[in-house]
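Structure, as structure tokens:
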Amino acid sequence: MPGQAKVAAEALLTVAEMARADSAAIAAGTPGIALMEAAGRAAAVAIARRWRPCPVTVLCGPGNNGGDGYVIARWLERAGWPVSVASLIDRSHLAGDAAHHAAAWTGEIGRMGPASVAGAGLVVDAIFGAGLSRPVAGIAAATLEAAAAAGIPIVAVDVPSGVDGDNGRLRGQVSAAALTVTFFRRKPGHLLEPGRSMCGQVVVADIGIPAAVLDGIGPSAWANGPGLWGSARRRRGPGDHKYRFGHAVVVGGGRLTGAARLAGHAAARAGAGLVTVAAPDAALASYAAQPAALLLAAEAEIPALLADPRRNAWLLGPGGGAGAALRDQVLAVLAAGRGVVLDADALTVFAGRPADLFRAISGPAILTPHEGEFARLFPAQGERLTRARGAAATSGAVVVLKGTDTIVAAPDGRVAINENAPPWLATAGTGDVLAGLSVGLLAQGMPAFEAAAMAVWLHGAAATACGEGLIADDLPAAIPAILAAL
Ligand SMILES: NC(=O)C1=CN([C@@H]2O[C@H](COP(=O)(O)OP(=O)(O)OC[C@H]3O[C@@H](n4cnc5c(N)ncnc54)[C@H](O)[C@@H]3O)[C@@H](O)[C@H]2O)[C@@H](O)CC1
Ligand SMILES: Nc1ncnc2c1ncn2[C@@H]1O[C@H](COP(=O)(O)OP(=O)(O)O)[C@@H](O)[C@H]1O
Ligand SMILES: [K+]
């Protein structure tokens, strides 16, 4: 379809889902030994593409991750590399596919320890992968740490040992890799911090698992990108007019007027047909500084605006001032059944009484908390992915848990994990822009999950295009070029 995103959404597989993918491929006729051969070979190819031959130590663990290591050792040696292999356990204790490939390694196998990496130019971490079952400690940790301390680049097989593929949590002592080669599809832990920062560059190798196995698995997590929401995006055609693209209303505050101005500008840039910023009388003059394309309304007009179903998507919170008046406004908008984006103060006003908010949510709703705001409404213990999913299920809203690895979670369990946000987004006002993009897309009729995911992605892409030195005001103006390239 011309103009529509052509890329497929990139599914992320949990450790359990990846095991099902392996089993499905084996059941469809590719033996496990062949999958392991393909995995090790692909990793060796990825290494040889990036480094010149040098003494390499392959550190092999007790399971199939170690099995991949023996295949890597064989292929690198065949390519002329001086290869040493060091194992955590005696080869005789290996089982299954790993035992098969360890037996095919004709060189020596040393005992793993810090001395096994001495003199190496490269170290392969094939110690623990998807089978990580407890924190990494002892010899495995000490050996990887010795490599890291000596400045030897580490290539991780599947994940750096100790990174939990399901959520990016670090279990025990983890040494960062320069390159991680994983297979078939990435896992959430490759995108979520702190795991993401431990992976270095991530390469996904095709090992012969047919994409069709995904149909039987039904993944619920994706890397955020156009493949996920491109087909839900609204595009204008020759016969269109502005009323077909929704009317977003941004409720602004009386003092910090910049927040709602940024949000309103962003909503318009995201493509909303019309955008109204509604604000207290005393502040209207300062709102006049916003782009002339935005409409301005007095706070007293809000009930009338709310009675008009054409004003279909509302944003409350940015610069709102955390008082009872804002809480009442949020509840009134929700009661009217409008699409809603709640940010900042509009979340904080429900601290201590989150059930009041959750009860009121019945239609399309997006909450955009940073960690601090999140903790005022939801349990704050545990890792981010589970918390974001739980929050969406509890609230009935799409929850955008912001950060360097922003998570967009839907009440039905779907999640998108974002990876295009540069660190210079950590500056005042960028969250207001994100909320504005979200309401602008919601106004156009995109479903809440897709609208939120697209907003987060546009936000990251715009920030990347602006570069370091970015201020929030730069972001809305950078949106058209990003949309044009989609
Ligand atoms: N068909 C297959 O089975 C394929 C498997 N693949 C590889 O297989 C890996 C998964 O293999 P496994 O499920 O055998 O798991 P692992 O090889 O990751 O580790 C499992 C073993 O490590 C032990 N272990 C886990 N955490 C430990 C810790 N912190 N300290 C000490 N011991 C620990 C476990 O008791 C078990 O013996 C993937 O990560 C991938 O590298 C690939 O070869 C693709 C094909
Ligand atoms: N280190 C970082 N890397 C990438 N993105 C970041 C980082 N820190 C913050 N962000 C993003 O910047 C935005 C900040 O939003 P928020 O905290 O609400 O700020 P404000 O209230 O000042 O607008 C969010 O979209 C967040 O995901
Ligand atoms: K590993």
Side-chain angles (χ1 to χ4, degrees), residues 15 18-19 21-23 25-26 30-40 42-43 59-69 71 88-89 93-98 101 124-141 144 154-163 165 171-174 177 180-184 187 193 205 207-209 256 258-259 262-263 317-319 343-345 368-373 400-407 418-435 437 455-456 459-460 463-464 472 475:
V15 167
M18 184 60 198
D22 276 340
S23 306
I26 291 167
T30 309
I33 287 173
L35 291 175
M36 190 173 281
E37 177 71 19
L59 303 173
C60 294
N64 287 329
N65 198 250
D68 295 346
V71 178
L88 201 56
I89 60 166
H93 293 120
L94 294 172
D97 301 339
H101 285 293
V124 175
D125 164 9
I127 308 180
F128 307 117
L132 183 74
S133 55
R134 54 189 182 274
V136 177
I139 288 171
L144 287 166
I154 298 173
V155 175
V157 180
D158 196 6
V159 285
S161 294
V163 170
R171 301 188 63 188
Q173 209 174 310
V174 181
T180 295
V181 183
T182 191
F183 313 112
F184 182 51
K187 301 178 177 68
E193 293 292 356
I207 57 168
I209 299 176
L256 298 171
L262 285 167
D343 184 39
D345 292 337
T368 56
H370 56 52
E371 280 288 355
E373 288 151 358
V400 178
L401 179 52
K402 295 186 289 191
T404 181
D405 51 357
T406 293
I407 298 167
N418 198 59
E419 54 178 334
N420 74 348
W424 50 86
L425 265 177
T427 179
T430 54
D432 306 319
V433 172
L434 177 66
L437 294 171
V456 168
H459 192 241
T464 302
L475 287 170

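First listed ligand is number 1; within each ligand, the first listed atom is number 1. Keep in mind that the numbers below use all heavy atoms, side chains included, and drop hydrogens, waters and symmetry copies.
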**Item:** Between CG on residue Asn64 and CG on residue Asp68, distance to nearest 0.5 Å
**Value:**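 Result: 7.0 Å between the selected atoms.
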Exercise. Mind checking the NZ-OG1 spacing from Lys402 to Thr368? Nearest 0.5 Å is all I need.
Key: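 Going from NZ on Lys402 over to OG1 on Thr368, the span is 4.5 Å.
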query: Do the non-hydrogen side-chain atoms of Thr430 and Leu425 ever get within less than 4.5 Å of each other?
result: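 Yes - at least one pair of side-chain heavy atoms lies under 4.5 Å apart.
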_Crowding at CD1, Ile139 (>12 non-hydrogen neighbours, <6.0 Å)_ =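 Counting neighbours around CD1 of Ile139, 12 or fewer heavy atoms of other residues, nucleotides or ligands fall under 6.0 Å, so no.
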_Using a 4.0 Å cutoff against the non-hydrogen atoms of His459, which atoms of ligand 2 qualify?_
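By the 4.0 Å cutoff, the relevant atoms are 25 (O).
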Ligand 2 atoms in contact with Gly429 (distance to a heavy atom under 4.0 Å):
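So the atoms of ligand 2 that pass are 20 (P), 22 (O), 23 (O).
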Of all the non-hydrogen atoms in the protein, which one sits nearest to [atom], and at what distance?
{"atom": "atom 19 (O) of ligand 2", "value": "Gly431 N, 3.7 Å"}
{"atom": "atom 37 (O) of ligand 1", "value": "Pro62 CG, 3.8 Å"}
{"atom": "atom 9 (C) of ligand 1", "value": "Asn65 N, 3.5 Å"}
{"atom": "atom 24 (C) of ligand 2", "value": "Lys402 CD, 3.6 Å"}
{"atom": "atom 6 (C) of ligand 2", "value": "Leu425 CB, 3.8 Å"}
{"atom": "atom 4 (C) of ligand 1", "value": "Asp22 OD2, 3.6 Å"}

Ignoring angles and geometry beyond distance, decide whether Asp432 reaches within less than 3.5 Å of ligand 2 through its nitrogen or oxygen atoms.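 Yes.
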Heteroatom proximity flag, Leu434 to ligand 2, N/O under 3.5 Å: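 No, since none of the N or O atoms of Leu434 sits under 3.5 Å from an N or O of ligand 2.
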For [X], is at least one N or O under 3.5 Å away from an N or O on ligand 1?
{"X": "Gly129", "answer": "yes"}
{"X": "Gly66", "answer": "no"}
{"X": "Ala130", "answer": "yes"}

Margin query: Measuring from atom 25 (C) of ligand 1, which candidate in Gly138, Ala141, Ser133 has the nearest non-hydrogen atom?
Written below: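 Of the listed residues, Ser133 has the closest heavy atom.
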Is the closest heavy-atom distance from Pro422 to ligand 2 below 4.0 Å?
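Contact check Pro422 vs ligand 2: positive.
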| Among the heavy atoms of Ala344, does any lie under 4.0 Å from an atom of ligand 2? |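 No.
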Relative to ligand 2, is Thr404 under 4.0 angstrom through side chain, backbone, both or neither, heavy atoms considered?
->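 Under 4.0 Å from ligand 2, Thr404 contributes backbone and side-chain atoms.
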Could you see which bit of [X] sits under 4.0 Å from ligand 1, with heavy atoms only: side chain, backbone, both or neither?
{"X": "Pro135", "result": "backbone"}
{"X": "Leu88", "result": "neither"}
{"X": "Asp68", "result": "side chain"}

- Of Asp125, Val124, Leu144, which meets side chain to side chain contact (heavy atoms under 4.5 Å, CB included) against Leu59?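 Of Asp125, Val124, Leu144, side chain to side chain contact (heavy atoms under 4.5 Å, CB included) with Leu59 is met by Leu144 alone.
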| Is Asp125 close enough that one of its N/O/S atoms sits under 3.4 Å from the K ion (ligand 3)? |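 Yes, Asp125 qualifies, because one of its backbone or side-chain N, O or S atoms lies under 3.4 Å.
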- prompt: Would one find an N, O or S atom of Phe128, in either backbone or side chain, under 3.4 Å from the K ion (ligand 3)?
  reply: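 It does: Phe128 brings an N, O or S atom closer than 3.4 Å to the K ion (ligand 3).
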Under the 4.0 Å line, does any protein heavy atom show up next to atom 21 (O) of ligand 2?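 No, no protein heavy atom sits under 4.0 Å from atom 21 (O) of ligand 2.
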